[in-house]
Undergrad: 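Just passing along the structure, written as structure tokens.
Residue numbers start at 1 and run along the sequence shown. Ligands are counted one by one from 1 in listed order, and the atoms in each one are counted from 1 as well.
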Amino acid sequence: MINDLWYKNAVVYCVNVETFMDTNGDGVGDFEGLARRLDYLAGLGVTCIWLLPFYPSPRRDDGYDVTDYYGVDRRYGSSGDFVEFMNLARERGIRVIADLVINHTSIDHPWFKEARSNPRSKYRDWYVWSKKRPRNWNKGMVFPGVQKSTWSYDSEARLWYFHRFYDFQPDLNTENPEVREEIKRIMGYWLELGVSGFRVDALPFVVSKKGATVGKPEQDFDFLREMRAFLQWRQGDAMLLAEANVLPDQDLKYFGDSDDRMHMMFNFLVNQNVFYALASGDVRPLTVALKKTKQRPITAQWAYFLRNNDELDLGRLTDEQRQTVFAKMGPEKSMQLYDRGIRRRLAPMLDGDRRRLELAYSLMFTLPGTPVIRYGDEIGMGDDLRLKERQAARTPMQWSTEPQAGFTTAEKSVLPVIDDELYGYRKVNVADQRRDPQSLLNWTERIIRARKEAPEVGWGDWRILPTGSPNVLAIRYDWRDNAVVMVHNLDSKPHRIKLRIDDRERTSLINILANDHSEGGEDGVHKLAIEGYGYRWYRVGGLDYILHRSRS
Ligand code: NOJ
Ligand code: CA
């Protein structure tokens, strides 16, 4: 095994340049602002920044509608600002990955303009057309309720074009070898500018056969191998993190079975079951989801998250489970989206309850993979349900009690800063929390520190330990002759559990986060009492564990 797979134990922080920090007073965040906040991110313990799309774009889908893959949207600064930011990040040992949006372009992309206006242009075949309205023109929408079809008529080309997402996002014909070459060229460009890889947008659609006659879904996974080979050849330690909300039997098709496709994937199945566990207190379906997604190639890794830039998609839960989560975390219609999800931020979903927030984060940080934090969640930011669709949870970062939360000096910011009683910037902001040792921000910093000192979680073999309770999840990780055990009580009530630690030599469980340790009985069984929403991080054995870590 290669020791230096950095993504196995990274702490990823997802940020939107547009809403993080504005330095030139135009109300829009910029790269210079993000660069000035790198010390904040370094202090938090972040090791990798995931940049949401920052390319030139009309931003009708917040930048997921690109008009130029080789540039920086002018509102965020220049390419020079980008390079300065990259340099400062590198100086702090922070890697950067960029969103790679290659399933579709903006309808305003010069390629599409040329494609629609000139039938003889090579760009015509870069998109997906049909002479007649396809039979399935109103099937397969990703944004039901908002998006009306997946095919639209273009009066200029006098043809129908395919768009898996909104009608202003025509799909690229990813089977066309020239398109594939161009995708690699885009990757090559940003790698050359120093990124450590990509979050690959909408991957299942990228590899799907597209066209008016396509019946049952069919994929060509070979392109993933091509992408991986190109990436690794250009930059050995770069990685690809796929956005692919697929069923477990598809996982290995995306990872590849011989370490030859995606390095990482977001674990959507576990994400949804984490929310079900948080809503119901029942960890059993989560246990099933963890086991179903256990298998992965040796160099591959899962990315775990709580909330992200989109709605919380609950589409893989049963109807009953989904209703349970809706009832607890998004009961009003205005909180729900696309018939399947919740468009709120984490803190309001958990009623701002500190115990549950810690529980949720502690759980995420100890699932068998790499944690991904969303900007603002480390201080418990809220949402603004007056904003449309997913924008409710995309408001500017709350830095201080100064006007506009210290995000901008402009009177109007790109999206309104939250200013309500519970989650407004006067109540929830970085400056206040930095000064308060008990704040969520400082708690997050400490938990990240603890997570970094438990590399067993990212690297180790893991198994679920029986706790005898449907409400308490215990996972044991083993790596290089060391072991940690992570215990979470999802219930509001306290529980007594018994844990069997089959280690003849190491019978104690040392609490990593607090001063309460546990000595096992003669039979190797630990009796633990865990308060409602309680969590424990234990190291098996003693504090001299580093002395016992083996080399391989
Ligand atoms: C997934 C992104 O996370 C989402 O925000 C976007 O709308 C779609 N892909 C389309 O690019
Ligand atoms: Ca600006």
Undergrad: Are the side chain of Gln169 and the backbone N or O of Tyr64 linked by a donor-acceptor pair below 3.5 Å?
TA: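 Pair found, side chain donor or acceptor close to backbone of Tyr64.
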
Undergrad: Determine whether a donor-acceptor pair (N or O, by modelled atom type, separation under 3.5 Å) exists between the side chain of Arg164 and the backbone of Asp171.
TA: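 No, because the side chain of Arg164 does not come within donor-acceptor range (under 3.5 Å) of the backbone of Asp171.
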
Undergrad: Just say parallel, tilted or perpendicular for the rings of Phe82 and Phe54, cut-offs at 30° and 60°.
TA: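 The arrangement is parallel - the two ring planes meet at less than 30°.
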
Undergrad: Give the protein residues with at least one non-hydrogen atom closer than 4.0 Å to an atom of ligand 1, ordered by chain and number.
TA: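 Residues Asp61, Tyr64, His104, Phe143, Phe165, Arg199, Asp201, Glu243, Asp310, Arg390, Arg394 each place a heavy atom under 4.0 Å from ligand 1, listed by chain and number.
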
Undergrad: Of all residues at least two apart in sequence or in a different chain, which pass the salt bridge (charged side-chain N to carboxylate O under 4.0 Å, His left out) check with Asp99?
TA: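 Checked Asp99 against salt bridge (charged side-chain N to carboxylate O under 4.0 Å, His left out); matches are Arg199.
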
Undergrad: Is there a donor-acceptor pair under 3.5 Å between the side chain of Arg316 and the backbone N or O of Asn245?
TA: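 Looks like yes, one N/O pair under 3.5 Å.
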
Undergrad: Tell me if the aromatic rings of Tyr375 and Trp50 count as close, with their centers under 6.0 Å from one another.
TA: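 Ring centres of Trp50 and Tyr375 not closer than 6.0 Å.
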
Undergrad: Please check if the side chain of Asp65 supplies one atom and the backbone of Arg60 the other of a donor-acceptor pair under 3.5 Å.
TA: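 Side chain of Asp65 to backbone of Arg60, a donor-acceptor pair under 3.5 Å: yes, one is there.
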
Undergrad: Is any NZ, NE, NH1 or NH2 atom of the basic residue among Arg340 and Asp313 found under 4.0 Å from an Asp or Glu carboxylate oxygen of the other?
TA: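 Yes.
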
Undergrad: Report the protein N/O/S neighbours of the Ca ion (ligand 2) that fall below 3.0 Å; do not count waters.
TA: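 Atoms qualifying: Asp22 OD1, Asn24 OD1, Asp26 OD1, Val28 O, Asp30 OD2.
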
Undergrad: May I have all residue pairs that pass salt bridge (charged side-chain N to carboxylate O under 4.0 Å, His left out) and include part of residues 392-405, sequence neighbours excluded?
TA: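 Checked against salt bridge (charged side-chain N to carboxylate O under 4.0 Å, His left out) - neighbours excluded - the pairs reaching residues 392-405 are Asp62-Arg394, Asp310-Arg394.
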
